[in-house]
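Atoms within each ligand, like the ligands themselves, are counted from 1 in listed order. These numbers come from a predicted model, not from an experiment.
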Amino acid sequence: MSEKVYVFDTTLRDGEQSPGCSMNLEEKLKMARQLERLNVDVIEAGFPIASEGDFEAVQAIAAEMKKTTVAALARANGKDIERAGEAVKEAKNPRIHTFIATSDIHLEYKLRKSRSEVLKQSVEAVRMARNLCKEVEFSAEDATRSDIDYLAELFEAAIEEGATIINIPDTVGYAIPSEYGPFLQNLIAKISNRDQAVFSCHCHDDLGLAVANSLVGIGSGCRQVECTVNGIGERAGNASLEEIVMALHTKREVLPYHTDIVTEEIYKSSRLLSNLTGAFVQSNKAIVGKNAFAHEAGIHQDGVLKNALTYEIMTPQTVGLPRSTLVMGKHSGRHALQKKYQELGYDLNKEDLERAYFFFTKLADRKKEIYDEDLITIIQDGIKTIPDTYKLKYVHAAGGNQEMACAVVKLQQGEEVFVESAYGDGPVDSACRAIDRITGMRGHLLDYRVSSVTRGKDALGEVFVHVSVAERSYTGKAASVDIIDASARAYLNAVNKAVYEKKKEQEREPPEAASA
Ligand code: KIV
Ligand code: ZN
């Protein structure tokens, strides 16, 4: 009988912390719902002391998760821990995750504290957290560069104080499997009360070894693994959830451990995260990359046709990957579309089906062949995480290498329709400027990416943008067979987020005190 490994997902904390991966509250909630469908054991929802937005997101996720444990991160001090406790208090299964650095280099230069001071602070932090929450995880930041005897002493004290999960991070991705394994085994053996805690590994990918180290961690006694969808995270990222899970799943004979992850939800989780953040995975990324199950070479194709096992160690269906088959044409009805979505793992309610059908018919008018990926793009393009204050009704842009580019844009806000035109550096820039004129926001494009969803000249183009508005960055996304339409809608998507956030902040601000 294989042993269970608990999956601790930190996509919304360590992952979200990385540049270009930030999400607003609604986006985090959307992702958290998908993580619960994926059946992770723990969602680390954020770092509540970091900002009001982080606090609110953790609180909202804690209130909504039905069965998944919701963890909040806190440094080892009273203020952080109180805030974390407050944020998760409505969760069915709350956890406070408190941490402090333990390596000499961090103690000397960052904390300017002695080992005994850090030990004392750790014990106090765990005690404080235990008073607020029945489940406490304690992490020693930069553990792999810390003195092993000191770590053992610290962990023993933390367990004594009531921490039941002990995390041993490779914070800077410095470990290699052949040293991480013995290090963990020796460390755990030194902790006298080790039977009262679950040990956890948390690996970063600076040397590209995060997944390998995590698997070694599991083999060396860790029964919790910390990871992120698509491996997003600080610098080179965290260990990728899908790679760890599928390695355990595929190599059961040599790795006698299992997770409770619903593997068929992996692809959807990966796509959703990319869609929410604009952080794409590279085509050759294991498990979820575009090419992960594509066979290009003739010999491979021939083998796979005869028996998929010749070149496939797992089936695309196991991770919920659509088979990229030609599906339907413009005469297909709602019922067929609903069935197709069911096959792809999406149970659409009436409203979502109507919206998907509307976009499907529009797409079918312009595109001969519609693939599974097109349908997924339609449904994810329609993801509404915020209300669309402005809707794009019309865009026309012209450019070229001779004339100055210009665009005309028509936006609707409630019942009102606004029209503006602008010149710019190319048709996309012109359309963005015209949108700015209407919305009164001053957006600045930080990043602009176009990719095709499927093959062919009439392929759907997906546009992702990062836009800075009033010194904050927002992501936007849209898909269309027309690149100008997709660009204008992606830009407007980001601007709508800025408009929405501004409105929410105004609502949060206390009304001005009446003057006496
Ligand atoms: O990498 C790390 O050490 C962390 C801790 C906060 C657990 O993310
Ligand atoms: Zn980390």
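Relative to the six-membered ring of Y257, K251 misses at least one condition, a distance below 6.0 Å or an angle of at most 45° to the axis. Geometrically, R13 does not engage F47 in a cation-pi contact, judged by NZ or CZ lying under 6.0 Å from the ring centre and within 45° of the ring axis.
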Ring pair (Phe, Tyr, Trp, His ring centres under 6.0 Å) evaluation trace for F199 with F155: CA-CA 10 Å; F199 290 92; F155 285 151; 7.1 Å; no
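For R449, the salt bridge (Lys or Arg N to Asp or Glu O under 4.0 Å) test picks out D447, with sequence neighbours left out.
Of the possible donor and acceptor atoms, none in the side chain of T259 sits under 3.5 Å from a partner among the backbone N and O of V7.
Closer than 4.0 angstrom to ligand 1 lie heavy atoms from R13, D14, H97, F99, S139, E141, N167, P169, T171, H202, H204.
Restricting H202 to its N/O/S atoms, the shortest distance to the Zn ion (ligand 2) is reached by NE2. Note on D14: its N/O/S atom closest to the Zn ion (ligand 2) is OD2.
Remark: E141 does not engage R75 in a salt bridge, criterion side-chain N to carboxylate O under 4.0 Å. Residues E64 and K92 are not paired through a salt bridge, judged by the lack of any N-O separation under 4.0 Å between the basic side chain and the carboxylate.
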